[in-house]
Enquirer: 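One structure, as structure tokens, below. Some questions next.
Numbering of ligands and ligand atoms starts at 1, following listing order.
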Amino acid sequence: MNASSTSPSPAPTGDRTPTPHPTRTSAPSAGTPEPLLGAVGMARPRIEGTAKVTGAVRYSSDEPMGDLAHGWAVTSTVTRGRIRDLDTSAALTMPGVLGVIDHRNAPRLDLEAGSFFGPDGGMHLLQTDEIPHSGRPVALVVAETAEQARSAARALRVTYDEEPCDVDFSLDHPAARPATSFIGADATVGDVDTELAASAVVVDARYVTPETHGAAMEPHSATAWWEDGRLQIVDSNQGPFLVAMTVAALFRLDPKQVRVRSPHVGGGFGSKSGGCGPQLVLAVMATAMFDRPVRVTLTRSQVFQTVSMRPTTDQRVRIGSDADGRLRAIDHTAAFEVSKLADYLENCTELTNTLYAARAIRTRRSAVPVDILPPYSVRGPGATPGSFALESAMDEVAERLHMDPLELRLRNEPSAGPVSGLPFSRRNLTACLREGARRFGWATRDHRPRTGREGHLLVGTGMAATSFGAGALPSTASITAETDGAFTVAIGASDIGTGARTALTAVAAEALRVPPERIRLLIADSDLGPAWGAGGSRGTTSWSWAITEAAAKLRSRPGGATLPLTVSFDTTESLGELPLMERHSYSAVFCEATVDPATGEVRVRRLLGMFAVGRVINPLLARSQLVGGMIMGLSMALHEEGVRDPATGRHLNTDFAGYHIAAHADVPDIEADFVPDYEPGDPSGIKGVGEIGTVGTAAAIANAVWHATGHRRRTLPIRPDHLVEERPLP
Ligand code: MOS
């Protein structure tokens with residue numbers, strides 16, 4: 001680690017030592033009770049850590065189940081067209097085969113059922129002979145063992161009438177249409193054209209980010225069976241309650257008939273949010289048809305082909321500035337792909353509406369329907385690709401002004417929401433910028449490009465500022481005061497590897513004023529009541545809010561009540577009463593990168609993120625999430641790229657050999673730390689740490705590559721061949 005050379009901080013909040021570490025990192029506001037020893041603010045290792053590394057925990061495909069049958073999905077080899085023939089005769093005679101489900105015999109689904117964004121044809125599997133995208137499931141073969149199902153799946157003969165497809169997305173695509181959504185309107189403040197005309201410098205550039213996959217370590221798996229008149233499901237997802245509601249809608253069941261559990265989930269990154277995954281739709285169909293428990297586990301390639309991903313974006317940013325670095329205008333038009341099967345909003349302009357003051361701001365979002373499966377949230381949806389465009393353009397403004405890019409950010413700090421006019425609940429971006437710059441050693445930077453050399457390597461540094469929306473969504477928690485002095489805390493949360501179990505145990509302990517050892521936390525079960533999922537960086541806020549209020553309710557009961565005593569609290573009303581404000585996490589990311597001028601190879605050598613993420617429940621786990629997020633940002637900057645063949649529409653790199661994710665050798669020393677922060681609108685002062693680590697990192701790296709080489713990369717990933725071919729590096 002060379003963090004010690006840049007960080008004299010005495011508080012190793014991201015200590016990798018797996019022992020409890022009594023470090024308080026966030027200052028509670030006045031009126032907040034002093035946390036108990038061992039609860040909120042303490043760096044504690046995750047509760048299930050030992051069970052995980054010893055293989056004792058069960059992921060969804062590990063659930064023991066008698067009489068289990070296995071389904072194997074068969075996916076389309078063409079991108080658009082119709083199934084001409086699906087010949088099951090050979091498959092049906094093979095050992096162990098119970099049957100084949102396809103569009104001719106599959107249970108009919110409610111085609112109005114969908115996700116957050118409305119009806120979602122991505123979930124309406126095996127309903128017609130139409131092929132809407134490459135890799136579309138066309139059949140499920142069900143057999144006694146997974147191996148038998150796989151063999152029979154290979155014996156299925158599927159022929160297609162192929163039709164021309166279009167996966168050739170761009171901002172200028174003739175089918176581009178305004179993307180409207182309940183998630184924030186497009187903005188028009190002031191007169192952008194007039195302000196651009198009056199600007200001393202104007203940057204006008206296009207930025208492209210690739211299709212990006214969640215690529216969670218655990219492939220999607222679901223096991224479904226009927227028991228006592230209820231549909232029982234164990235599934236890998238980010239929110240069991242939301243999934244149960246979606247299954248009920250899709251299969252026209254009474255929601256009370258559906259129970260979804262997700263005890264341990266090996267990562268999601270958005271790929272297990274957004275309704276109900278293909279593994280689950282197929283497993284529920286199969287258990288209904290064969291009257292057996294059925295498990296469907298996707299292969300890695302099937303995960304790539306059938307599970308939602310971040311769409312490609314193509315963005316135009318124009319920024320006009322006065323000579324002293326005060327912004328006159330920001331104009332951001334962001335286009336992104338959607339599927340013809342479902343609507344979706346990749347909200348790339350979120351940061352543009354809130355990060356900087358300018359006399360005029362205009363944001364436009366544009367959706368382009370092409371022949372792909374429905375995209376959905378991935379790793380900081382919207383904000384991440386949007387930040388790459390905005391923060392690259394800001395760096396270009398600084399370049400044109402011969403100005404320190406850090407100073408440019410500081411100079412345009414808004415006093416209220418630049419578009420909304422709303423006050424900020426608590427905005428700590430400047431603290432992140434200043435403390436990050438101090439630790440990184442930014443003050444000695446020569447802001448001219450191509451000024452750093454070490455032997456044959458070009459060396460550069462770059463930075464970006466970032467925000468990510470904070471908030472909570474309705475959830476219900478129940479707490480039972482037990483006769484043995486323990487408290488059973490129940491909430492339909494999902495721990496997708498973030499450490500939610502550990503964080504919520506601390507929150508409950510603090511709220512009940514008892515040591516964490518007296519908390520029995522129940523999560524990951526739709527029967528525990530309505531709850532938001534692990535998504536939008538709003539899991540911990542949403543669940544903690546419900547737990548904190550339920551605990552307050554329990555504590556306010558008069559003494560002497562008969563135990564066990566259960567109270568519950570639904571946050572819907574409290575959330576509705578929250579005054580409208582600009583509520584965000586903030587961060588500043590700094591990067592040092594080297595570029596080999598002979599090969600174009602970029603190595604990130606140093607990454608530092610300073611974060612204002614509200615009160616930190618558990619610095620060990622929060623830092624782990626932020627570092628993980630920064631690695632994903634690095635991976636986006638340099639490696640990840642879902643490639644579709646424009647001729648066939650096929651997704652070409654559906655495995656971890658072709659779709660490279662940053663591995664150990666790609667990842668440098670990373671430092672993530674917190675500035676004191678607190679969200680006044682949240683009972684626990686939390687903002688959320690899930691996604692902000694990813695958001696600004698790609699721009700910081702691209703800006704460092706420019707600083708090293710003088711060469712501006714506006715298309716991600718920054719590939720060595722592009723870097724060398726476009727303009728040879730001397
Ligand atoms: Mo997350 S990408 O909001 O599941």
Enquirer: Out of Arg310, Lys272, Arg379, who gets a non-hydrogen atom closest to atom 2 (S) of ligand 1?
Expert: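 The residue whose heavy atom sits nearest atom 2 (S) of ligand 1 is Arg379.
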Enquirer: Which residue holds the protein heavy atom closest to atom 1 (Mo) of ligand 1, what is that atom called, and what is the gap in Å?
Expert: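 The answer is Glu691 OE2, 3.2 Å.
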Enquirer: Among all residues two or more places apart in sequence or in another chain, which pass the salt bridge (Lys or Arg N to Asp or Glu O under 4.0 Å) test with Arg295?
Expert: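 If we apply the salt bridge (Lys or Arg N to Asp or Glu O under 4.0 Å) test to Arg295, skipping adjacent residues, there are no hits.
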Enquirer: Name the orientation class of the two ring planes belonging to Phe116 and Trp532 (parallel below 30°, tilted from 30 to 60°, perpendicular beyond 60°).
Expert: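 Rings of Phe116 and Trp532: tilted, 30 to 60°.
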Enquirer: Would Val338 and Val368 count as a side-chain contact (heavy atoms from CB on, under 4.5 Å) here? Give the steps.
Expert: CA-CA 6 Å; Val338 291; Val368 178; 5.9 Å; no
Enquirer: Relative to the heavy atoms of Ser377, which atoms of ligand 1 are at a distance of less than 4.0 Å?
Expert: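 The atoms of ligand 1 under 4.0 Å from a heavy atom of Ser377 are 2 (S).
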Enquirer: Give the atom numbers and elements of ligand 1 that come within less than 4.0 Å of a heavy atom of Val378.
Expert: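 Answer, ordered by atom number: 2 (S).
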Enquirer: Indicate yes or no: does Asp186 engage Arg365 in a salt bridge with an N to O separation below 4.0 Å.
Expert: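 Yes.
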Enquirer: For Gly536, counting its heavy atoms only, list the atoms of ligand 1 lying under 4.0 Å from any of them.
Expert: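 So the answer, numbered in order with elements, is 1 (Mo), 3 (O).
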Enquirer: Does Phe304 have its ring centroid less than 6.0 Å away from the ring centroid of Phe656?
Expert: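 Yes, the ring of Phe304 comes within the 6.0 Å limit of the ring of Phe656, centre to centre.
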Enquirer: Check whether the side chains of Glu679 and Ser425 place a donor and an acceptor atom closer than 3.5 Å, and report yes or no.
Expert: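 Ser425 and Glu679 do have a side-chain donor-acceptor pair below 3.5 Å.
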Enquirer: List ligand 1 atoms under 4.0 Å from Pro381, heavy atoms only on the residue side.
Expert: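 Heavy-atom distances to Pro381 below 4.0 Å select 2 (S).
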Enquirer: If I apply the N/O under 3.5 Å rule, does Ser537 come out as touching ligand 1?
Expert: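 Ser537 vs ligand 1: no N/O contact under 3.5 Å.
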Enquirer: Could you tell me whether Gln238 approaches ligand 1 through its side chain, its backbone, both or neither, with non-hydrogen atoms closer than 4.0 Å?
Expert: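 The part of Gln238 near ligand 1 is the side chain, not the backbone.
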